[in-house]
Student: 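Pasting a structure here, questions to come.
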Amino acid sequence: MNAILALEDGTIFKGRSFGAEGERSGEVVFNTSMSGYQEIITDPSYKGQIVAMTYPLIGNYGVNTDDVESCKPFIEGFVVKEYSKLASNWRSRQSLGEYLKANNIIGIEGIDTRRLTLHIRERGAMKAVLSTVDPDEESLVKKARNSPGLVGRDLVKEVICGQPYEWNEKGGLKVVAVDCGIKLNILRILESKGCRVAVVPATTSSSKILEMEPDGLLLSNGPGDPAALPYIIDTVKELLNKLPIFGICLGHQVLGQAFGGRTYKLKFGHHGANQPVKDLKTGKVSITVQNHGFCVDMDSLNKKDIELTHVNLNDFTPEGLRHKKLPVFSVQFHPESSAGPHDAKYLFDEFINMMKKEKTKRNAKKN
């Protein structure tokens, strides 16, 4: 079946559909990963976005039951140069097209993804409509222009868990993970490092979190505009002096605002598994997984209290911050990888060591 991707500036891309049929709107972005499409599709941070893959052949190893990062796909649409109908891998359980169809996600193949990527780089990420049911190009462009976009939208409430739950039952340190659209590998890594993890929805109050008596708080990744989340920001403000805190992606942006800073929208964001980031303390460069369209404005923060810890070597935007006195730090990228390189996993060890140090201090005061 024919499919059309229409951008709000009037640009049209025609191709063939795979997966589900229908029509969806979202902000179109490009992802530069060469593999890991299943993890990308199931990352809740992509809620509200149509994802275009720059790697030309997608789907060749199918879909399995292990490499998911959430309960279901959250992308609005999937754009590839060529969809591989042949899926060959010992773990594969179904084809990518079958998976998308089962989850009501529209895919389009056969378009010039290089042209689309260059267009987004030059003009910026923009609203779009992907359709298999409306052949009228002018109609689709109008729908794209009238779609909500991401700015000012709280998409977190559309992807989070409904109730708190225990991820695992054993561990020497208790971590409360605030689910803003959390990737499951964050929980897997914390468990593997000896933490007992409880997950709570982003709407949970600070008092409820403290009642759980955690040794540390993890603020997860998630979708949408970080400036549209005052309830999470207020909760974090109330916890800053009470718990060690580690923020990832959206969690980093929330922390930046809890410290009194601002966020702004990037031209086309960072989406992919090959973003170089420099740790300013060690000088080490890590190749990182990233998925964000907004950024913390470091100039809006009090430099007496907050320091920049990481920087993106592609465009020199800030990628990490740390409080100089409180046990609080965050990064804009994804140290849990999935899919992508594992260079930045050391940050979980820093979080573990921070919690152990603070726990020792608390125990010493009690004695």
Side-chain angles (χ1 to χ4, degrees), residues 36 38-45 64-72 74 91 156 159-202 204 208-222 232 236 239 242-252 254-255 273 286 288-291 320 327-360 362-363:
Q38 184 173 346
E39 293 90 333
I40 292 165
I41 289 169
T42 56
D43 181 351
S45 298
N64 61 65
T65 56
D66 299 321
D67 295 336
V68 294
E69 288 301 319
S70 62
C71 60
K72 66 177 183 178
F74 283 98
R91 295 193 304 159
V156 167
V159 301
I160 59 176
C161 59
Q163 298 292 330
Y165 63 92
E166 298 286 334
W167 172 258
N168 62 317
E169 298 179 351
K170 297 180 180 179
L173 293 167
K174 183 172 184 179
V175 175
V176 169
V178 178
D179 178 13
C180 301
I182 196 166
K183 289 174 68 179
L184 296 182
N185 209 43
I186 293 174
L187 305 177
R188 299 183 191 112
I189 291 175
L190 288 172
E191 180 182 8
S192 72
K193 292 186 177 295
C195 294
R196 180 162 57 99
V197 186
V199 183
V200 299
T204 306
K208 290 289 185 182
I209 291 172
L210 291 173
E211 284 176 9
M212 301 172 75
E213 299 184 342
D215 295 303
L217 185 74
L218 185 135
L219 303 174
S220 86
N221 61 292
I232 307 177
V236 173
L239 296 172
K242 299 173 181 176
L243 289 171
I245 301 176
F246 178 25
I248 294 175
C249 199
L250 183 69
H252 163 78
V254 166
L255 265 178
S286 298
T288 67
V289 180
Q290 301 200 11
N291 175 20
V328 178
F329 74 105
S330 61
V331 290
Q332 181 63 79
F333 49 93
H334 287 261
E336 80 284 353
S337 61
S338 294
H342 300 168
D343 298 20
K345 279 190 176 179
Y346 70 92
L347 292 163
F348 285 96
D349 293 324
E350 289 192 14
F351 183 42
I352 300 294
N353 292 334
M354 179 183 287
M355 287 189 290
K356 288 180 177 179
K357 183 178 179 180
E358 293 300 312
K359 189 173 185 178
T360 300
R362 290 196 305 273
N363 292 336

Student: Pick from Ile186, Val199, Val178: which one makes a side chain to side chain contact (heavy atoms under 4.5 Å, CB included) with Leu218?
Tutor: Ile186
Student: If you count the non-hydrogen atoms of other residues, nucleotides and ligands that lie under 6.0 Å from CD in Glu213, is the total more than 12?
Tutor: no
Student: Does NZ in Lys359 sit with more than 12 non-hydrogen atoms of other residues, nucleotides or ligands closer than 6.0 Å?
Tutor: yes
Student: Find out whether Arg91 and Asp67 are in side-chain contact, i.e. whether some heavy atom of one side chain is under 4.5 Å from a heavy atom of the other.
Tutor: yes
Student: Ignoring hydrogens and angles, state whether a donor on the side chain of Asp43 or Asn291 is under 3.5 Å from an acceptor on the partner side chain.
Tutor: yes
Student: In sequence, state the C-alpha distance, the side-chain angles, and the governing distance for Thr288 and His334, and then conclude on side-chain contact (heavy atoms from CB on, under 4.5 Å).
Tutor: CA-CA 7 Å; Thr288 67; His334 287 261; over 6 Å; no
Student: Picking from Leu243, Leu173, Leu217, what satisfies side chain to side chain contact (heavy atoms under 4.5 Å, CB included) with Met355?
Tutor: Leu173
Student: May I have the step-by-step check of side-chain contact (heavy atoms from CB on, under 4.5 Å) for Gln38 and Val68, ending in yes or no?
Tutor: CA-CA 6 Å; Gln38 184 173 346; Val68 294; 3.3 Å; yes
Student: Given side chains that start at C-beta, do those of Leu184 and Trp167 come closer than 4.5 Å, heavy atoms only?
Tutor: yes
Student: Are the side chains of Val200 and Asp179 in contact, using a 4.5 Å heavy-atom criterion?
Tutor: no
Student: Taking NZ, NE, NH1 and NH2 as the nitrogens, is one of them in Glu336 or Lys345 under 4.0 Å from a carboxylate oxygen of the other?
Tutor: no
Student: Classify the ring geometry between Phe348 and Phe246 as parallel (under 30°), tilted (30 to 60°) or perpendicular (over 60°).
Tutor: perpendicular
Student: Between Ser286 and Asp343, is there a side-chain donor-acceptor contact under 3.5 Å, judged purely by atom types and distance?
Tutor: no
Student: Would Met212 and Lys174 count as a side-chain contact (heavy atoms from CB on, under 4.5 Å) here? Give the steps.
Tutor: CA-CA 9 Å; Met212 301 172 75; Lys174 183 172 184 179; 4.0 Å; yes
Student: Hey, is Asp215 close enough to Arg362 for a salt bridge, meaning N to O under 4.0 Å?
Tutor: yes
Student: Does the side chain of Cys180 reach to within under 4.5 Å of the side chain of Leu219, using non-hydrogen atoms?
Tutor: no
Student: Would one find more than 12 heavy atoms of other residues, nucleotides or ligands at under 6.0 Å from atom CD of Gln163?
Tutor: no
